Number of protein chains: 2
Amino acid sequence: MKQLKNLLEESSLKITPQRLAILKELEKKGHASIEEIYEDIRDFFPSISLATIYKNITALKDENIISEICLHHKPKFEITKEPHAHFICKKCGKVEDVPFNELIKGEIDKQYPDSQKELYIYGICKECKEKES
Amino acid sequence: MKQLKNLLEESSLKITPQRLAILKELEKKGHASIEEIYEDIRDFFPSISLATIYKNITALKDENIISEICLHHKPKFEITKEPHAHFICKKCGKVEDVPFNELIKGEIDKQYPDSQKELYIYGICKECKEKES
DNA sequence: TTCTGTGCAAATCTTTTGCATGGCA
DNA sequence: TGCCATGCAAAAGATTTGCACAGAA
């Protein structure tokens with residue numbers, strides 16, 4: 001909880017229960033859509049409005065506290081951290097953060113220095129592969 | 001024109017002027033959004049309907065004739081070709097297809113064999129860099 | 001106290017659907 | 001001719017906006 005508060009304190013945004021709830025949700029789930037955030041927060045914060053979620057997602061994105069990603073071409077959000085890739089399991093849908101292997105990053109940076117990279121890898125995760133055999 | 005027709009012939013979809021127009025537009029622009037496709041086609045095909053664009057984009061995607069990509073987290077479409085990365089210039093907005101350098105691909109495949117990759121590189125293109133200096 | 005943030009409702013997109021008609025094969 | 005595709009209009013979804021009130025600093 002304390003770290004999430006810090007993220008807001010270091011920005012120009014005020015600390016509100018709604019914003020903390022959004023960040024807490026993203027911290028818990030890793031990645032979530034607007035609708036997922038809304039539904040989950042409503043469980044313990046029934047008065048929150050969808051418009052508030054939208055407005056705050058935009059504000060938090062502008063402050064670079066959270067980042068937008070596209071999983072299966074649907075918008076999701078995550079707390080901003082070190083640049084990393086995403087592995088998405090085509091069977092179970094699980095999403096894993098994958099550190100940018102230095103070799104991959106180096107090779108891209110050689111051709112495109114100072115660029116921001118977004119890498120999505122769609123495959124079958126270890127667990128699903130084991131179940132298959 | 002003939003190659004585009006072939007794409008449809010090899011699928012279960014019928015050849016219609018609307019579908020050819022969509023493919024022609026994507027061939028010309030490289031990547032386009034639904035709205036861009038609609039506006040551009042309307043210039044010479046005023047009776048085409050937005051619903052037809054949507055239905056056909058879905059049908060063409062299902063047949064793997066076109067692919068969806070997310071540029072700046074907005075959906076765009078392109079004619080399906082060899083897997084490749086996208087370079088997006090943050091200054092002028094230009095989008096370039098970048099062949100998957102074998103080294104990059106090999107390194108990812110080592111960790112995630114048989115996976116589909118989506119790589120977006122956001123940076124400043126050569127032309128914009130030259131203008132700056 | 002001040003000013004930003006919230007929640008509601010309405011407005012504005014965006015996308016999908018149903019259905020009668022048109023047109024490819 | 002038999003279906004599939006098109007276009008229209010309506011419906012459904014997703015996102016944004018305006019405004020009065022509430023709450024953080």
Side-chain angles (χ1 to χ4, degrees), chain A residues 1-2 4-26 31-63 65-66 68-77, chain B residues 1-2 4-25 31-63 65-77:
Chain A
M1 193 63 149
K2 41 198 169 320
L4 298 181
K5 221 176 203 166
N6 288 346
L7 290 177
L8 293 172
E9 269 164 2
E10 288 158 14
S11 77
S12 66
L13 302 174
K14 300 211 162 149
I15 299 171
T16 68
Q18 290 86 341
R19 286 178 179 156
L20 287 173
I22 292 173
L23 292 176
K24 209 166 132 194
E25 172 69 14
L26 288 179
H31 323 85
S33 67
I34 296 273
E35 207 53 35
E36 282 164 358
I37 295 169
Y38 181 54
E39 290 308 330
D40 285 3
I41 292 183
R42 264 159 83 80
D43 288 347
F44 60 91
F45 199 148
S47 72
I48 200 167
S49 126
L50 193 46
T52 298
I53 309 273
Y54 274 106
K55 286 172 188 167
N56 280 327
I57 286 289
T58 302
L60 292 166
K61 241 190 358 172
D62 289 347
E63 295 283 337
I65 294 171
I66 65 172
E68 183 169 358
I69 57 176
C70 283
L71 299 181
H72 292 291
H73 304 126
K74 299 263 168 280
K76 304 257 173 166
F77 303 88
Chain B
M1 193 65 151
K2 40 197 170 321
L4 298 181
K5 221 176 203 169
N6 287 347
L7 290 176
L8 292 172
E9 269 165 2
E10 288 159 13
S11 77
S12 66
L13 302 174
K14 298 207 165 154
I15 299 172
T16 68
Q18 290 86 343
R19 285 176 182 160
L20 287 173
I22 293 172
L23 293 176
K24 211 166 130 192
E25 172 69 13
H31 322 84
S33 67
I34 296 273
E35 207 52 34
E36 282 165 359
I37 295 169
Y38 181 54
E39 290 308 331
D40 285 1
I41 292 182
R42 263 158 83 81
D43 289 347
F44 61 91
F45 200 150
S47 73
I48 201 168
S49 125
L50 193 47
T52 298
I53 310 272
Y54 274 105
K55 284 172 190 167
N56 279 327
I57 286 290
T58 303
L60 292 165
K61 241 188 1 169
D62 288 348
E63 294 283 337
I65 294 173
I66 65 172
S67 304
E68 182 170 357
I69 58 176
C70 283
L71 300 181
H72 292 291
H73 305 125
K74 298 265 167 282
K76 305 256 173 167
F77 303 88

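Since this is a predicted model, take the numbers as computed values, not measurements. Proteins get letters first, then strands, A, B, ... in listed order; numbering begins at 1 in each.
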(request) Select base, sugar-phosphate, or nothing to describe what A:Ile34 touches, counting heavy atoms under 4.0 Å on all strands. (result) nothing
(request) Kindly say if A:Asn56 contacts the phosphate of C:dG5, meaning a side-chain N or O under 4.0 Å from OP1 or OP2. (result) no
(message) Go nucleotide by nucleotide along DNA chain C from the 5' end; which of B:Ile15 and B:Thr58 gets its closest nucleotide reached first?
(response) B:Thr58
(request) State whether the distance check finds a donor on one side and an acceptor on the other, under 3.5 Å, for side chain A:Lys55 versus base D:dG18. (result) yes
(request) Provide, to the nearest angstrom, the distance between the NZ atom belonging to A:Lys74 and the P atom belonging to D:dG13. (result) 14 Å
(message) Can you tell me which nucleotide in C:dT6, C:dC8, C:dT14 comes closest to the side chain of A:Arg19?
(response) C:dT6
(request) To the nearest 0.5 Å, tell me how far A:Phe77 CZ sits from A:Leu71 CG. (result) 10.5 Å
(request) Kindly compute the distance separating CG (A:Leu26) from CG (A:Asp40), expressed to the nearest 0.5 Å. (result) 10.0 Å
(message) Output the rounded distance in Å from OH (A:Tyr38) to P (C:dT6).
(response) 14 Å
(request) May I ask you to verify if any side-chain N or O of A:Thr16 is less than 4.0 angstrom from the OP1 or OP2 atom of D:dA24? (result) no
(message) Using whole Å, what does the distance between atom P of nucleotide D:dA14 and atom CZ of A:Phe77 come to?
(response) 13 Å
(message) Without decimals, in angstroms, what is the distance between A:Leu50 CG and C:dC8 P?
(response) 11 Å
(request) Give the minimum heavy-atom separation between B:Glu68 and A:His73, together with the two atoms involved. (result) O-NE2, 3.1 Å
(request) Would you mind reporting whether B:Leu20 and B:Leu8 have side-chain heavy atoms less than 4.5 Å apart? (result) yes
(request) Starting from P on D:dT6, measure out to CZ on B:Phe45 and report it in whole angstrom. (result) 8 Å
(message) Measuring to OP1 and OP2 of C:dG7, would you say a side-chain N or O of A:Ser47 lies under 4.0 angstrom away?
(response) yes
(message) Without decimals, in angstroms, what is the distance between B:Glu9 CD and C:dC24 P?
(response) 14 Å
(request) Nearest-nucleotide wise, let me know which of A:Lys14 and B:Leu13 is further upstream toward the 5' end of DNA chain C. (result) A:Lys14
(request) Measure the distance from CD1 on A:Ile48 to P on C:dG5 and round it to the nearest whole Å. (result) 14 Å
(message) Less than 4.0 angstrom between a side-chain N/O of B:Gln18 and OP1 or OP2 of D:dG7, yes or no?
(response) yes
(message) Cation-pi check for A:Phe45 against A:Lys24: NZ or CZ below 6.0 Å from the six-membered ring centre and within 45 degrees of the axis, yes or no?
(response) no
(request) Determine: side-chain N/O of A:Thr52 to OP1/OP2 of C:dG7, distance under 4.0 Å, yes or no. (result) yes
(message) Rounding to an integer number of Å, can you tell me how far A:Leu8 CG sits from D:dA25 C1'?
(response) 14 Å
